[in-house]
Amino acid sequence: MMAAQPTATPGVRLGWKGLGALASPPRLALSRSAAAALASHRVGRGKFSAAAITTDDYLPMRSTEVKNRTSVDGIKSLRLITAVKTPYLPDGRFDLEAYDSLINTQINGGAEGVIVGGTTGEGHLMSWDEHIMLIGHTVNCFGTNIKVIGNTGSNSTREAIHASEQGFAVGMHAALHVNPYYGKTSTAGLISHFDEVLPMGPTIIYNVPARTGQDIPPAVIEALSGYPNMAGVKECVGHERVKCYTDKGIAIWSGNDDECHDSRWKYGATGVISVTSNLVPGLMHSLMFEGENTTLNEKLQPLMKWLFSEPNPIGLNTALAQLGVVRPVFRRPYAPLSLEKRTEFVRIVEAIGRENFVGQKEVQVLDDDDFVLISRY
């Protein structure tokens, strides 16, 4: 009799640990001694205690194939990585036409990599089916022109393993991993968590205590820095932490747009993983590649301050809708910025120059009724 298959439900993340995208788990090949041990745990005719089956029977879905793989050094060299927005159709599904346009604009603007399904891309509002599909779609369409870094982190080590296996299986060049959030763990637990995902491929660790509720201390990063697949850290704590790592030769990307210029040119950061580059990729490219430019940095500060006046990605979602490059559709719990803030954005665009922003339409102030807020999708 065929075993019942797991099914995916929107908003619910399912998967067999360590088996990637396989449709069903393999039958366990048990030795006589193992079979005898299991027999002692029978709880009914033909049934076994779940505790009797150990994860040692499962093999990791890790490939030794190196064709088209990106080296860790290839990830470490990236200076401008955009945490790309995920646009939606009015029914809440992905708007892949708009998404493809956004990625093309990033490529043309000089971005070298994209984070797919990160905080900005609202990976936390996706099912894993959606999430892996979007990573695969990005690789398939754009993987030869830009590095695709999939956010496959989770507060569950099991989910982080499973998502990373699938992400690398569909071709992503690197993984982004946050530390376990909400259910915080110990220093030893942090190292153990990352130890499980680092063998799979190039990995960027993301430290954002304001969201996770727990700082990843330098001792953890230093302990992990010797791993062959450790590409570096997206660091949001500030300049001194950046310098702490760059002095030790650890690659760092600023996670704070308003600090990225100084982190890059004064504290040794490799570059930035940016939200602002969704809007002005060319200017952010200049900021990361063309040497110190305090004039440009100061010119962009009002935009950066505006973008983060409410938790990201609220500002970015609002801005892209007002620029006419995505539909004004929000997956809840996000809602657009206030009318006052939307009016302020138009003034910021005019001050920086509309020609520097993505899209071709005139920037406009949208009314409250123009926005669609989706709860079920």
By side chain to side chain donor-acceptor pair (under 3.5 Å), D367 pairs with (sequence neighbours left out) none
Item checked: side chain to side chain contact (heavy atoms under 4.5 Å, CB included) assessment of L134 paired with L96 -> CA-CA 9 Å; L134 192 61; L96 291 180; 3.9 Å; yes
Those residues at least two apart in sequence (or on a different chain) that pass ring-ring contact (aromatic ring centres under 6.0 Å, His included) with H193 are none
side-chain hydrogen bond (donor to acceptor under 3.5 Å, both in side chains) pairs touching residues 314-335, sequence neighbours excluded, are K85-N317, D95-R327, E122-N317, H124-Y334, E130-R331, R332-S375
Value for CD1 (I115) from CE (M172), rounded to nearest 0.5 Å, stands at 10.5 Å
Can you check whether N293's main-chain N or O pairs, donor with acceptor, with H261's side chain at less than 3.5 Å? yes
_Tell me if the CZ atom of R354 is crowded by more than 12 foreign heavy atoms within 6.0 Å._
yes
Sorted by chain and residue number, the salt bridge (charged side-chain N to carboxylate O under 4.0 Å, His left out) partners of E310 (sequence neighbours excluded) come out as none
* Asked: Any chain of hydrophobic side-chain contacts (each under 4.5 Å) joining F94 to L89?
  -> no
Side chain to side chain donor-acceptor pair (under 3.5 Å) filter on Q360, not counting sequence neighbours, yields none
*Step-by-step side chain to side chain contact (heavy atoms under 4.5 Å, CB included) determination, F194 to I205*: CA-CA 9 Å; F194 291 123; I205 293 177; 3.8 Å; yes
_Min side-chain heavy-atom separation L102-V326 under 4.5 Å_ = yes
field: I149 backbone acceptor or donor facing H173 side chain under 3.5 Å
entry: no
Across all chains, not counting sequence neighbours, the salt bridge (charged side-chain N to carboxylate O under 4.0 Å, His left out) partners of D369 are none
Rounded to the nearest 0.5 angstrom, the CD1-CD1 distance for I191 and I221 is 9.5 Å
*Using modelled atom types only, decide if a donor and an acceptor are shared between the side chain of T212 and the backbone of Q214 within a distance under 3.5 Å.*
yes
> Backbone N or O of V242 within a donor-acceptor pair of the T246 side chain at under 3.5 Å?
Replying inline: yes
Residue set satisfying ring-ring contact (aromatic ring centres under 6.0 Å, His included) with H137, at least two apart, ordered chain then number -> none
**Prompt:** Can you hop from L78 to V72 via hydrophobic side chains spaced under 4.5 Å?
**Reply:** no
Under 3.5 Å, is there a donor-acceptor pair between the side chain of E165 and the main chain of M200?
no
### Sidechain N-carboxylate O distance under 4.0 Å for E350, R347
no
### W265-L300 co-clustered via ILVMFWY side chain contacts under 4.5 Å
no
In the structure I gave you, are the side-chain heavy atoms of L125 and P333 within less than 4.5 Å of one another anywhere?
yes
Exercise for review: Decide yes or no on side chain to side chain donor-acceptor pair (under 3.5 Å) for T157 and E196, but give the supporting numbers first.
Suggested key: CA-CA 8 Å; T157 304; E196 289 294 318; over 6 Å; no
* Sub-3.5 Å donor-acceptor pair from the side chain of N108 to the main-chain atoms of N104, do we have one? -> yes
Worksheet item: V346 versus T343: any side-chain heavy-atom pair under 4.5 Å?
Response: no
**Item:** From CA spacing to verdict: side chain to side chain contact (heavy atoms under 4.5 Å, CB included), W128, E159
**Value:** CA-CA 9 Å; W128 276 121; E159 283 195 358; 3.3 Å; yes
ask   = So, does S101 use its side chain to make a donor-acceptor pair with the main chain of E97 at under 3.5 Å?
value = no
By ring-ring contact (aromatic ring centres under 6.0 Å, His included), Y99 pairs with (sequence neighbours left out) none
Worksheet item: Any side-chain heavy atom of P336 within less than 4.5 Å of one from L366?
Response: no
Here the ring pair (Phe, Tyr, Trp, His ring centres under 6.0 Å) pairs for residues 302-333, sequence neighbours left out, are W306-F345, F330-F371
Rounding to 0.5 Å, atoms NZ (K76) and CD1 (I204) come to a distance of 11.0 Å
Residue pairs meeting salt bridge (charged side-chain N to carboxylate O under 4.0 Å, His left out), one or both in residues 210-227, sequence neighbours left out, come to D215-R241, E222-K248
Checklist entry - Among the clusters formed by ILVMFWY side chains lying less than 4.5 Å apart, do I216 and V237 turn up in the same one? => result no
Between the CD atom in E112 and the CD atom in Q106, the distance rounded to the nearest 0.5 Å is 12.0 Å
Value for CG (L307) from CG (N312), rounded to nearest 0.5 Å, stands at 7.5 Å
ring-ring contact (aromatic ring centres under 6.0 Å, His included) filter on Y227, not counting sequence neighbours, yields none
Query - Heavy-atom side-chain contact between T120 and V84 under 4.5 Å - result: no
Interatomic distance, NE2@H239 vs SG@C260, rounded to 0.5 Å, equals 9.5 Å
Item to complete: Might you work through the side chain to side chain contact (heavy atoms under 4.5 Å, CB included) test for L283 and L287, ending with a clear yes or no?
Response: CA-CA 6 Å; L283 296 183; L287 210 60; over 6 Å; no
Check: Is N207 reaching over with its side chain to a backbone N or O of E235, donor-acceptor style, under 3.5 angstrom?
Finding: no
Main-chain N/O of V275 paired to D257 side chain as donor or acceptor, under 3.5 Å | yes
Treating T203 as the side-chain partner and H177 as the backbone partner, does any N or O pair qualify as donor plus acceptor under 3.5 Å?
no
For D247, the salt bridge (charged side-chain N to carboxylate O under 4.0 Å, His left out) test, sequence neighbours excluded, returns K243
Do the side chains of L303 and T276 get nearer than 4.5 Å, heavy atoms only?
yes
With heavy-atom distances below 4.5 Å as the criterion, would you say the side chains of Y206 and T119 are in contact? yes
Is it true that Y377 and M126 fall in one hydrophobic cluster, defined by side-chain heavy atoms closer than 4.5 Å?
yes
